[in-house]
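To start, the structure under review is shown below, and the notes come after it.
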There are 2 protein chains.
Amino acid sequence: MGRLKQFDPEAAVAAATDLFWRQGYGATTPADLVGALGIGKGSLYNTFDNKRALFGEALRHYGEARVAALVAVLNRPGPARARLQAALERLAAPETAHLRRRGCMGVNTVAELGGRDEAATAIVHSIFERMERALQAAIEEGQRNGELDAGRDARELASLLMTTILGMTVIAKMSDRTEQLHRVVHAVMSLI
Amino acid sequence: MGRLKQFDPEAAVAAATDLFWRQGYGATTPADLVGALGIGKGSLYNTFDNKRALFGEALRHYGEARVAALVAVLNRPGPARARLQAALERLAAPETAHLRRRGCMGVNTVAELGGRDEAATAIVHSIFERMERALQAAIEEGQRNGELDAGRDARELASLLMTTILGMTVIAKMSDRTEQLHRVVHAVMSLI
DNA sequence: CCAATTTTGTACCTTGAATTCAAGAATCCC
DNA sequence: GGGATTCTTGAATTCAAGGTACAAAATTGG
C-alpha cells in the first residue's frame, strides 16, 4: 500500500486558504505554501497537482465556510430584520476585525483573475449566488410575517444587500474604517 | 539641450493604464508594457523609474478620468434623482459593456495590493472619497429641492450609493449580467 | 557644422517562481 | 523478511520577470 501521508490534506487546504486569502493567487509562491503548510515541495505537488489546483480547493474551502457562516447568522432565532442586520453588521464587528483587511477572498479572486480564469470566476459566482439566495429567503420570511414591506421584490432586495456586502468588503480591505461600515449598514437597514 | 522625447509620456501613461486596468499590477510585465506603449525598454525605464512608479501614475490617471466622468454625469441638467440614477445606470449601460469585464481599477488594486502597498491603497481611497463627496452633493441638492427625503442623512446615503457602486463593479467583472445590475439600481433607486 | 546631451533598442544579468526528479523512508502484503 | 508501492525531502532544472549597461543614433544650442 505504500507509505501513508504524514500530514492532513484538509488541514493543508485550510492553511493554503489562509495564505491565498491574504496574499492572492499570484503573490503566493510555492515556497510560501511549503512554509505555511509545513510540508516539502514534493508532498505539495504530489498531493495537489499544482498551485492552481490547490488554489481551486482553497477557494472552494473558503466558499463553504463563508456561506455556512452567513446561513448560520440568517437562521438564528428572532425577527428576520434583526437577522439581516446582524448579517451585515458582522462585517464591521470587532470579532472580525483581524479578517477585515483581507477583504473577501471571492472579491479578491474576481478582481485578480476575473476574465482570465473562468473556472475560478465560476466558483466565486456560485458562492455569491448561494449567499444571495440565503438573503432572499430571510427577506421573504420577513415579508411574510410583516416585518418588511411585502410589496417589494425580494429578489431585488437580496441583490442589493449582496451588492452592498461586496462593496463593504472592498471598503474594509482599503482601511479599517468601522464607522463608515456601520453607516452603510444603518443606511440600508433604515431603507428596507 | 539634447534630443527630446520621441513619444508622448501622457499617451504612454494612458496606454499603461489600459494594460494595468485589464491585467492588474502583478500580471503585467515590462515586456507587456513595452509592447503596449510602443517604446523600448530604455525609454520606459528612463522616463518612468520602474514598474511600480508607472503603475502609480496609471492609477492616478485612472482616478482623474473616473472621478471626472462621475462628476460630469452628476452635473448634467435635470432633476437630481435622475442624475443619481444615471450615475448608477451607467455601470450597466451598453456603451460601457466593453469596460465592464475589467471591473474598477480601484477595486482591483485594493483587492490585489491592499494591505501590502499603502501608497496605492491611499490613491484609491482618495478616488473613492471624491466620488462619494460628489454623490453626497447631488443627494443634498435633491433634498433641498424636495426630490429626496430631507430627513435622511445625506452622508449615509452617499456611503450606501458608493458601496453599491463598488459592489456592482465586482458583479460586472464576474460575468456580464446586465439584468442583475439593473435590478440593483432599481432596488436602490426605489428605496431612496 | 560641432559638441554636448539625450534617446533608443539590444544584449545581458540576477533573482526567484514553478515544477520535476532522484534517492531514501515508511507501509502493506505475502 | 523481501518486494512492491507510495510518500517525503531537498536539490536540480527551466524559464521568465525586472532591471541595468552600453553603444549607436539623433537632436539641439552655439
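Labels below follow one simple rule: chain letters A, B, ... track the order of the sequence lines, proteins then strands, and each chain is numbered from 1. Only a predicted model underlies this, so the values are computations on that prediction, with no experimental measurement involved.
- In this structure, CD in B:E89 is found 12.0 Å from CG in B:L84, a value given to the nearest 0.5 Å.
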Nucleotide-resolved protein contact map, nucleotides 8-19 of chain D, B/S/- at heavy-atom distance under 4.0 Å:
BBBB-----SBB

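- For residues 42-79 of chain A, every residue pair satisfying the ring pair (Phe, Tyr, Trp, His ring centres under 6.0 Å) rule, not counting sequence neighbours, is listed here: A:F20-A:F55, A:W21-A:Y62, A:Y25-A:F55.
- Listed by first then second residue, pairs satisfying ring pair (Phe, Tyr, Trp, His ring centres under 6.0 Å) with a partner in residues 95-131 of chain B number zero, not counting sequence neighbours.
- When every heavy atom of A:V107 is checked against every heavy atom of B:A111, the shortest pair comes out as O-CB, 4.5 Å.
- Interatomic distance, CZ of A:R183 versus NE2 of A:H186, reported as 12.0 Å (0.5 Å rounding).
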